[in-house]
Amino acid sequence: MAMHPTTPDPFLFPSEDERAALDTQLGARLRQARRAVSGGRVTPSGDRAEFRRTLAGFDFARPRPPAEAAAWAIAALEGGLVHMTHPRYFGLFNPAPTFPAEMADRIVAAFNPQLAVWSHAPAAVEIEAHVIRAVAARAGLPSGSGGHFTAGGAEANFTGLICALTAAEPGFGEDGVRAYTGLPVFYASRESHLAWLKIAHQAGIGRQAVRLIATDGGGRMDPAALERAIVADRAGGAVPVMVAATAGTTNAGMVDPLPACAAVAARHGLWFHVDAAWAGALIASPRHAGALAGLERADSATIDAHKWFATTMGCGMFLTSQPRIPADAFQVSTDYMPSNEPATDPYVGSVQWSRRFVGLRLFLSLAAAGWAGYATHVERAIGLAARLADALRAGGWRVVNDSPCAVVCAVPPTGEGSIGAIVDRVVASGEAWVSATRLEGRAVLRACITHGETAAEDVDRLAAMLNAQEQAIA
């Protein structure tokens, strides 16, 4: 008879003393990495071929001590990332995380709860539900609203579409698009996040079901064009199901006219969804929350905690004023699950089944700072964006977006044709990270304040770099 091991692998499950020592070493090494990132390049360094040769050395035939492997991984990440945790990363919407969110990840990793059902993780499920209710209330959604945490905005938006399809045709859950008398279609602005195309594909209604509505010249959906599209689709035999307004477009941070979009959706009996993945954090600030007027009329909404709420990655939220609909849309019953309660068991009211306890990230951050702390965080970023815009205007640039958020889109004195070269030079320097994009068909340079510790000096340094590179090209 074959003999089997009788003790755990010491590298996978070290003793308590060894774990304590490894925790201490890891903490010290991460603190060192944090200092190195803040004072170093924003962009990756090193040779790709050399890195791959080193990586190939991990053939997994020879065990390596955890401390050695962890040190190698940290060093690899230090030199192998665009550092969103750098104060001069002026890029996309993924900021340096709050420290309470980092603490949450460590706590959750230690307990590793499974959030499919309430009975297996009652404390975790209740904490997440409490945070969702608090965010929904802050967003102005009516009493009784609900929702759940998601892996990110794409999942939350997908959930909104599935809810819209289910609300419009109850037979969709069993029969899919065959339950409809015509092609189901939905509407988003042409400046929206084009994950909607993937979402339509994933939902089985096809990418042609996405109607990209014209904007008003400033990056916001045109309600009159939306109205015309719905009328034309109905006349042509299609079945409109949802209006998806955007609060905080990716390119320019623009907010669609939410009250007008809500009115169009209501007039035609459509589900009204608001993709506020980034700008949803404005709800924290009494000074700026008015930019989201109309959000309270949403049937559902997306807010990503890992964007402007600055938790660690993979922490989206789906909010809904009609929690019965996702309970119908995602209902499933099996013998191996201990219960099937839509009001309490996450797996029967959401896309995911097994799921990490991601909501603790926002819970600890809100518990530590409160809404007032997040208001400071949001308002500070908006103020720094205004400072950058002023500095660019002083250098002859044209700021071409009028966003209530912390993003600046600008065109240099030398015109759109020089934007790519300016961006390439700044990024190649490693001193900062900005991007080139398009707004209303025009090339623009885009800079977004994402880091909660970015200082006025960092903004001034970016403006000086942009002006210097523009003059060098001119």
Side-chain angles (χ1 to χ4, degrees), residues 84 89-95 153 157 187-197 212-223 225-226 244-258 260-261 274-282 285 288 290-295 302-304 307-308 378-379 381-393 397-412 415-420 422-423 426-427 432-451 454 459 462-463 466:
M84 294 179 291
Y89 172 74
F90 298 98
L92 305 179
F93 296 144
N94 308 125
N157 285 339
Y187 307 87
S189 102
R190 67 185 182 191
E191 289 288 334
S192 66
H193 195 301
L194 292 187
W196 285 119
L197 298 174
L212 296 178
I213 302 301
T215 49
D216 60 1
R220 294 169 286 258
M221 187 190 294
D222 180 352
L226 171 64
T246 304
T249 58
T250 304
N251 282 339
M254 307 308 297
V255 177
D256 287 341
L258 302 183
C261 292
V274 177
D275 178 5
W278 177 45
L282 289 173
S285 169
H288 296 287
L292 299 182
L295 175 60
T302 292
I303 298 178
D304 277 350
K307 289 189 171 72
W308 215 349
V378 166
E379 291 166 10
I382 292 172
L384 288 172
R387 183 185 183 99
L388 175 61
D390 288 344
L392 290 177
R393 288 191 188 99
W397 294 62
R398 288 185 298 113
V399 175
V400 295
N401 67 323
D402 181 23
S403 172
C405 306
V407 62
V408 176
C409 292
V411 177
E416 296 178 19
S418 63
I419 290 173
I422 293 171
V423 168
V426 170
V427 171
W433 199 96
V434 292
S435 60
T437 188
R438 301 189 73 81
L439 173 61
E440 297 286 5
R442 300 171 298 185
V444 297
L445 181 140
R446 179 187 180 280
C448 179
I449 311 298
T450 66
H451 197 309
T454 293
V459 168
L462 173 63
L466 293 174

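For this chain, numbers begin at 1 and follow the sequence in order.
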Minimum-distance pair of heavy atoms, taken over all atoms of [X] and [Y]:
{"X": "Gly248", "Y": "Phe93", "result": "O-CE1, 4.4 Å"}
{"X": "Ala247", "Y": "Ala279", "result": "O-CB, 3.1 Å"}
{"X": "Met221", "Y": "Tyr187", "result": "CE-O, 4.5 Å"}
{"X": "Val378", "Y": "Ser285", "result": "CG1-CB, 4.5 Å"}
{"X": "Ala291", "Y": "Leu282", "result": "CB-CD1, 4.0 Å"}
{"X": "Pro257", "Y": "Pro223", "result": "CG-CG, 3.7 Å"}

Side chain of [X], backbone of [Y]: donor and acceptor closer than 3.5 Å?
{"X": "Glu191", "Y": "Arg220", "answer": "no"}
{"X": "Arg446", "Y": "Thr250", "answer": "yes"}
{"X": "Thr246", "Y": "Thr249", "answer": "no"}
{"X": "Ser189", "Y": "Leu212", "answer": "no"}
{"X": "Asn401", "Y": "Cys409", "answer": "yes"}

Are [X] and [Y] side-chain neighbours, meaning at least one heavy-atom pair lies under 4.5 Å?
{"X": "Val408", "Y": "Phe90", "result": "no"}
{"X": "Ile422", "Y": "Pro412", "result": "yes"}
{"X": "Val426", "Y": "Val423", "result": "no"}
{"X": "Val274", "Y": "Leu258", "result": "yes"}

What's the spacing between [X] [atom1] and [Y] [atom2] if we round to 0.5 Å?
{"X": "Asn94", "Y": "Tyr89", "atom1": "CG", "atom2": "OH", "value": "6.0 Å"}
{"X": "Leu439", "Y": "Asn251", "atom1": "CG", "atom2": "CG", "value": "6.5 Å"}
{"X": "His451", "Y": "Leu384", "atom1": "NE2", "atom2": "CG", "value": "12.0 Å"}
{"X": "Trp278", "Y": "Ile303", "atom1": "CH2", "atom2": "CD1", "value": "14.0 Å"}
{"X": "Trp196", "Y": "Asp275", "atom1": "CH2", "atom2": "CG", "value": "6.0 Å"}
{"X": "Ile213", "Y": "Asp222", "atom1": "CD1", "atom2": "CG", "value": "9.0 Å"}

Qualifying residue for side chain to side chain contact (heavy atoms under 4.5 Å, CB included) with Val411, from Val444, Leu392, Val399, Leu445:
Val444
List for me each residue that meets side chain to side chain donor-acceptor pair (under 3.5 Å) alongside Asp256, sequence neighbours excluded, and say none if there are none.
none
Do Arg387 and Asp390 sit within salt-bridge range, that is, some charged N less than 4.0 Å from a carboxylate O?
no
Between Val434 and Leu462, is the side-chain contact (heavy atoms from CB on, under 4.5 Å) condition met? List the steps.
CA-CA 9 Å; Val434 292; Leu462 173 63; 3.8 Å; yes
With side-chain contact (heavy atoms from CB on, under 4.5 Å) as the criterion, how do Glu440 and Arg190 come out once you've worked through the C-alpha distance, each side chain's angles and the decisive distance to 0.1 Å?
CA-CA 9 Å; Glu440 297 286 5; Arg190 67 185 182 191; 3.0 Å; yes
Asn157-Thr302 side chain donor-acceptor pair, cut-off 3.5 Å
yes
